[in-house]
Amino acid sequence: MAGSIAASAFLPGSPAPAAPPKSVLGERPDSLDVRGIAAKPSSSAAVRASKTRAHAAIPKVNGGNSALADPEHDTMSSSSSPAPRTFYNQLPDWSMLLAAITTIFLAAEKQWTLLDWKPKRPDMLTDTFGFGRMIHEGLMFRQNFSIRSYEIGADRTASIETLMNHLQETALNHVKSAGLLGDGFGSTPEMSKRDLFWVVSQMQAIVERYPCWGDTVEVDTWVGAHGKNGMRRDWHIRDSVTGHTILKATSKWVMMHKLTRRLARIPDEVRTEIEPYFFEHASIVDEDNRKLPKLPDIEGANVAKYVRTGLTPRWADLDINQHVNNVKYIGWILESAPISILEKHELASIVLDYKRECGRDSVLQSHTTVYTDCNKDSGQTTLHCEHLLSLESGPTIVKARTMWRPKGTRPQETIIPSSS
């Protein structure tokens, strides 16, 4: 049978085998599988014949003429080489392409969800991770802080220690941004050469409101001259969104020698370094200059005394100058305040008078004297306390005065526009 077919292709006059009848449009083939596709022939001769017809109907891809391919050559090569690349078998696998497109869209949707994060508080968009910047022609430094969850207390607001730490941080970053940071804690290069460093001698802060968790505060700080051998540093903290004043503070600083631990004069070289940054502008005009008592020895019906003893600094309470950080003193002062005041009142202002430094091996005691005064005109009761933090051996470390207001009340808020 195969020989007759091959002979008919070359010998004229040989009868060609009858072609299978073509199916009429709409007529079902005789043999269909379950998918509706014509079943493949079962015999090997039929397979070879179908391949011969297929190759005869398809022209060469790379050739210029349309001569028919050799069926015997194609039959032999089909088992050893892949099928020729045609338009049909070069089409992509649509199922794989669809799966790839779906994967891309799902990944893009996930990324868009992360990028489209919308915080509930618009002030959280503020960049709180920078070190701040110089403003007001380089005479003022500004830095933002976000109130963290570990910086709030039982009242769900930031503590006074948190705000004081923000003051200290901006002061150091101010010196760093100005290019005046030596190898000490806020010391300039000329101060480091002479083993000098700054110590705070007095501080006063007025708190109008306490920020909450998630709030962003904006802290401005600047320095000015104070006498011949001192420096004054001021701060102004406001809400970065509303502009409401949160805290205003002022402080006075003197120099101490690192080795002798005694106060020192400001050298001319140091004065030349810092004077270009002096900005004569006070954040608190009406400073509380009332003298603080040496000992809480005032007696009266409206006076109550509280004492807390056995206070000792931890290693974490020391700064790089090997003395207790000044913010830690505030916590020790409030250690002796009665819990009833802390539960029902909030600190409105504080005045601190630092007398001497405290070291690692010091043992301290905290005294608090509570005064209750009644205003005859308004009938309101005011509360203020006087504090004394001293070594158990006698010398005074810090004297302080605090003013308190009932929780839930707010002073007249001031809005000072942010200047740049």
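Computation of the quantities below employed the complete heavy-atom set of this structure, encompassing side-chain atoms and omitting hydrogens, waters and symmetry-equivalent molecules.
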- Task: Give a yes or no on whether the backbone of G310 and the side-chain of E392 come within a donor-acceptor separation of less than 3.5 Å.
- Result: yes
- Please answer whether the main-chain N or O of H166 pairs with a side-chain N or O of T170 as donor and acceptor at a distance below 3.5 Å. yes
- For R314, enumerate each residue passing the salt bridge (Lys or Arg N to Asp or Glu O under 4.0 Å) test, keeping only those at least two apart in sequence or located in another chain. D317
- Item | Residue pair V398 / Y354: nearest heavy atoms and the distance that separates them | CG2-CD2, 3.6 Å
- Query: Minimum heavy-atom separation for S362 to P313, with atom names?
  - Reply: O-CD, 3.1 Å
- Measure the shortest side-chain to side-chain distance between Y210 and L347 over non-hydrogen atoms and say whether it is less than 4.5 angstrom. yes
- Task: Would you list the pairs meeting salt bridge (charged side-chain N to carboxylate O under 4.0 Å, His left out) in which at least one residue belongs to residues 259-273, sequence neighbours left out?
- Result: R194-E269, R261-E357
- Task: Assert yes or no for the condition that the ring centre distance of F279 to H136 is strictly below 6.0 Å.
- Result: yes
- Query: When rounded to the nearest 0.5 angstrom, what is the spacing between CG in L163 and CD1 in I246?
  - Reply: 7.5 Å
- Mind running side chain to side chain contact (heavy atoms under 4.5 Å, CB included) on T216 and F145 for me, showing each step along the way? CA-CA 6 Å; T216 301; F145 295 91; over 6 Å; no
- Query: Would you say the side-chain atoms of S177 and R133 include a donor-acceptor pair closer than 3.5 Å?
  - Reply: no
- Query: By side-chain contact (heavy atoms from CB on, under 4.5 Å), which residues pair with L259, not counting sequence neighbours?
  - Reply: D195, H257
- Can you name the one residue among E169, R233, R142, Q143 that meets side-chain hydrogen bond (donor to acceptor under 3.5 Å, both in side chains) with H174? R233
- Message: Checking the side chain of D155 only, and the main-chain atoms of T157 only, is there a donor and an acceptor separated by less than 3.5 Å?
- Response: no
- Query: Are R405 and E346 side-chain neighbours, meaning at least one heavy-atom pair lies under 4.5 Å?
  - Reply: yes
Show the atom names and distances, to 0.1 Å, of all donor-acceptor pairs under 3.5 Å that link a side chain in residues 222-231 to residues at least two apart or in another chain.
residue : atom : partner : partner atom : Å
W222    : NE1  : H281    : O            : 2.4
N229    : OD1  : I266    : N            : 3.0

- Message: Determine whether H387 and T402 satisfy the following criterion, side chain to side chain donor-acceptor pair (under 3.5 Å), listing intermediate values before the conclusion.
- Response: CA-CA 8 Å; H387 309 268; T402 56; 2.7 Å; yes
- Message: Taking the side chain as everything from C-beta on, heavy atoms only, tell me whether T396 gets closer than 4.5 Å to K399.
- Response: yes
- Taking only residues two or more places apart in sequence or in another chain, which ones pass side-chain contact (heavy atoms from CB on, under 4.5 Å) with S340? P338
- Message: Rounded at 0.5 Å granularity, tell me how far OG in S390 sits from CZ in R356.
- Response: 10.0 Å
- With the side chain counted from C-beta on, respond yes when V270 and M255 share a heavy-atom pair under 4.5 Å apart, and no when they do not. yes
- Note on the structure: In terms of heavy-atom contacts, E151 and R148 come closest through OE1-N, 2.9 Å
- Message: Quick check: do Q168 and N325 have side-chain heavy atoms less than 4.5 Å from each other?
- Response: yes
- Do you know the tightest heavy-atom contact between I147 and C212? CB-O, 3.3 Å
- Item | Check ion pair R401-D353 (N to O, under 4.0 angstrom) | no
- Are the side chains of V199 and H323 in touch, meaning some heavy atoms are under 4.5 Å apart? yes
- Message: Show the nearest heavy-atom pair for residues S366 and W332, with the distance to one decimal.
- Response: OG-O, 3.0 Å
- Query: Would Y329 and L352 satisfy side chain to side chain contact (heavy atoms under 4.5 Å, CB included), going step by step from the backbone distance to the final call?
  - Reply: CA-CA 9 Å; Y329 295 143; L352 297 160; 5.9 Å; no
- Query: Can you tell me how far the CD atom of Q365 sits from the CD1 atom of I397, to the nearest 0.5 Å?
  - Reply: 10.5 Å
- Are any non-hydrogen side-chain atoms of E335 and T309 less than 4.5 angstrom apart? no
- Task: Identify the heavy atoms of L364 and C358 that sit nearest to each other, and give their distance.
- Result: CD1-SG, 3.7 Å
- Message: Between H236 and T245, is there a side-chain donor-acceptor contact under 3.5 Å, judged purely by atom types and distance?
- Response: yes
- Message: Is it the case that the side chain of K248 and the backbone of D234 share a donor-acceptor pair, with hydrogens and angles ignored and the cut-off at 3.5 Å?
- Response: no
- Message: Let's go through M164 and I330 carefully: what are the C-alpha distance in whole Å and the side-chain angles of both, what is the deciding distance for side chain to side chain contact (heavy atoms under 4.5 Å, CB included) to 0.1 Å, and is it a yes or a no?
- Response: CA-CA 9 Å; M164 289 296 184; I330 299 176; 3.5 Å; yes
- Would you check if I341 and L383 make a side-chain contact, meaning some heavy-atom pair closer than 4.5 Å? yes
- Message: Could you check whether T221 and W235, counting side-chain N and O atoms only, form a donor-acceptor pair closer than 3.5 Å?
- Response: yes
- Query: Atom OG of S336 and atom CZ of R308: how far apart are they, to the nearest 0.5 Å?
  - Reply: 9.0 Å
- Query: What distance separates R156 CZ from W213 CH2, expressed to the nearest 0.5 Å?
  - Reply: 9.5 Å
- Item | side-chain contact (heavy atoms from CB on, under 4.5 Å) involving A264 - partner list, sequence neighbours excluded | L196
- Task: Given side chain to side chain contact (heavy atoms under 4.5 Å, CB included), test W404 with L342 step by step and report yes or no.
- Result: CA-CA 9 Å; W404 302 78; L342 302 178; 3.7 Å; yes
- Query: So how far is it from D361 CG to L391 CG, rounded to the nearest 0.5 Å?
  - Reply: 11.5 Å
